K.L.:
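One structure, as structure tokens, below. Some questions next.
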2 protein chains.
Amino acid sequence: MRNNIHDCRGELNDVKLRATPARIAIMKYFEREDKPADVQMLIDYLKKQKINADPATIFRIVNTFTEKGLTRQISLNEGKYRYELADKHDHHHLICEACGNIEDMTDCNIDDLEKDIKKKKGFNVKSHSLEFFGICKSCQH
Amino acid sequence: MRNNIHDCRGELNDVKLRATPARIAIMKYFEREDKPADVQMLIDYLKKQKINADPATIFRIVNTFTEKGLTRQISLNEGKYRYELADKHDHHHLICEACGNIEDMTDCNIDDLEKDIKKKKGFNVKSHSLEFFGICKSCQH
DNA sequence: CAATAGATGCGATCAAATTGCAATAAGCAA
DNA sequence: TTGCTTATTGCAATTTGATCGCATCTATTG
């Protein structure tokens, strides 16, 4: 089982982090789920996997992951952070104001906008965050 | 001085809110400053105006303003909320990762993107939030 | 398998935000 | 202007998300 190609040890080794049960499980969560997770969701998920972890540990894990560039921290106007894999580029979030569901939207192009900003303002864009709020398909009945 | 056209009483009356000193000052702040404010900035501003207000009151005021549609609550990944006038449409924020300054960017067009979302996903966009992170002109030396 | 540097658990703590309740003041009618 | 009514505020307590210090534990390496 050691060094199993799907157990996320590779990703953790790459950034010089020890492969602990909680870290492996959290990496797996991010690779399987397409919704950005908050800390409570990760705690619940670990519980189901029979892995006990203190909330403080989860906070430390996602912070370490974010520092190491594995994940990205985002705010969706909820008073808490969510986390998602950092290598998900150019995708944005569709947040339903009725049911709260979060859906990914890929293949967006805002390159032109970023070039515009560079030209007009001299501001050098490193990254951006774009969220759409509205009513999702299934809530429009 | 009563009902002075610039003292914001009109806006407050329109949404059936009493014109208290703190509310008037906060409305004036939003009309003069173009940066979204957090609660601490509002407290500091009120202090300068010799208006004493409890933090809890400021939180209540910005929440009420947001409920009434005067202001909008936004998160810039800082672990706290900021507020800005709700009638500032189609503008986005350029956030410098070096100095923390927040600059407005107007005249952006993402209409096409919203139409795309409606077509591809059936998601009905009501509003969006777009933040650019990078290095501002004066921090590029 | 032992050594050790890194990770975790636990409790305390911090900061942002909210709430209950008594005191206060804005708006309105007389 | 005065007094009434009800919205608003101040204060203290509380909630929630997040962080930290430190002793203990454990993943890695030799």
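This structure is a prediction, so every number in the text was calculated from the model and none was measured. Within every chain, numbering begins at 1; the chains are lettered A, B, ... in the order of the sequence lines, protein sequences first and strands thereafter.
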K.L.:
Can you say whether the rings of A:Tyr29 and A:Tyr45 are parallel (under 30°), tilted (30 to 60°) or perpendicular (over 60°)?
P.N.:
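It falls in the perpendicular class, over 60°.
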K.L.:
If the cut-off is 4.0 Å, is A:Asn52 near the phosphate of C:dG9, judged by side-chain N/O to OP1 or OP2?
P.N.:
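Checking A:Asn52 against C:dG9: no side-chain N or O falls below 4.0 Å of OP1 or OP2.
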K.L.:
Give, for atom CG of A:Asp112 and atom CD1 of B:Ile110, the distance between the pair rounded to the nearest 0.5 Å.
P.N.:
13.0 Å
K.L.:
Does the base of D:dG10 carry an N or O that pairs as donor and acceptor with the side chain of B:Arg60 under 3.5 Å?
P.N.:
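Answer yes: a donor N or O sits under 3.5 Å from an acceptor.
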K.L.:
Rounded to whole angstroms, how far apart are NZ on A:Lys80 and P on C:dA17?
P.N.:
15 Å
K.L.:
Round to a whole Å and report the spacing from CE of B:Met41 to P of C:dA15.
P.N.:
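One finds 19 Å between P of C:dA15 and CE of B:Met41, rounded.
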K.L.:
By nearest atom, which of the nucleotides C:dT8, C:dA17, D:dA27 is closest to the A:Ala22 side chain?
P.N.:
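Nearest listed nucleotide: C:dT8.
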K.L.:
Which part of the nucleic acid, if any, lies within contact of A:Ala56, taking any heavy atom under 4.0 Å across all strands shown: a base, the sugar-phosphate backbone alone, or nothing?
P.N.:
base
K.L.:
Looking only at the side chain of A:Asp54 (C-beta and beyond, no hydrogens), which of the listed nucleotides C:dG9, D:dT8, D:dA18 gets closest?
P.N.:
C:dG9
K.L.:
Looking at A:Arg18, does any N or O in its side chain come under 4.0 Å of the phosphate oxygens OP1/OP2 on D:dT29?
P.N.:
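No, because none of the side-chain N or O atoms of A:Arg18 sits under 4.0 Å from OP1 or OP2 of D:dT29.
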K.L.:
Report the nucleotide, chosen from D:dA18, C:dA16, C:dA26, that has the shortest atom-to-atom distance to any side-chain atom of B:Pro21.
P.N.:
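Ranking D:dA18, C:dA16, C:dA26 by closest atom to the B:Pro21 side chain puts C:dA26 first.
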K.L.:
Does the side-chain contact (heavy atoms from CB on, under 4.5 Å) test come out yes or no for A:Thr71 and A:Glu84, once each step is laid out?
P.N.:
CA-CA 5 Å; A:Thr71 57; A:Glu84 64 183 4; over 6 Å; no
K.L.:
Whether B:Asn63 contacts C:dT18 is assessed here as follows: a side-chain N or O lying under 4.0 Å from the phosphate OP1 or OP2. Is that the case?
P.N.:
yes
K.L.:
Mind checking if A:Asp38 touches a base, just sugar-phosphate, or nothing, with heavy atoms under 4.0 Å?
P.N.:
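The answer is nothing, as A:Asp38 stays clear of every strand by at least 4.0 Å.
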K.L.:
Can the ring centroids of A:His128 and B:His93 be said to lie less than 6.0 angstrom from one another?
P.N.:
no
K.L.:
Rounded to whole angstrom units, what separation is found between the CZ atom of B:Arg9 and the P atom of C:dC28?
P.N.:
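From B:Arg9 CZ to C:dC28 P: 11 Å.
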K.L.:
Contact class for A:Ala53 vs. all strands (heavy atom < 4.0 Å): base, sugar-phosphate, or nothing?
P.N.:
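Answer is sugar-phosphate: A:Ala53 comes under 4.0 Å of backbone atoms only.
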K.L.:
May I have the distance from A:Ile51 (atom CD1) to D:dT26 (atom P), rounded to whole angstrom?
P.N.:
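Atom CD1 in A:Ile51 sits about 14 Å away from atom P in D:dT26.
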K.L.:
Between A:Lys126 and B:Glu97, does at least one N-O distance fall below 4.0 Å, as a salt bridge requires?
P.N.:
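Salt bridge flag = no for B:Glu97 with A:Lys126.
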K.L.:
Take atom CZ of B:Phe59 and atom C1' of C:dT19, then tell me their distance rounded to the nearest Å.
P.N.:
13 Å
K.L.:
Without decimals, in angstroms, what is the distance between A:Lys16 NZ and D:dA27 P?
P.N.:
19 Å
K.L.:
Within less than 4.0 Å of OP1 or OP2 of C:dA25, is there a side-chain N or O belonging to B:Thr20?
P.N.:
no
K.L.:
Between C:dA17, D:dT19, C:dG9, spot the one nearest the side chain of A:Thr57, thanks.
P.N.:
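The closest nucleotide is C:dG9.
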K.L.:
Using whole Å, what does the distance between atom C1' of nucleotide C:dA7 and atom CG of A:Leu46 come to?
P.N.:
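Between C1' of C:dA7 and CG of A:Leu46: 15 Å.
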K.L.:
Rounding to an integer number of Å, can you tell me how far A:Arg82 CZ sits from D:dT16 P?
P.N.:
17 Å
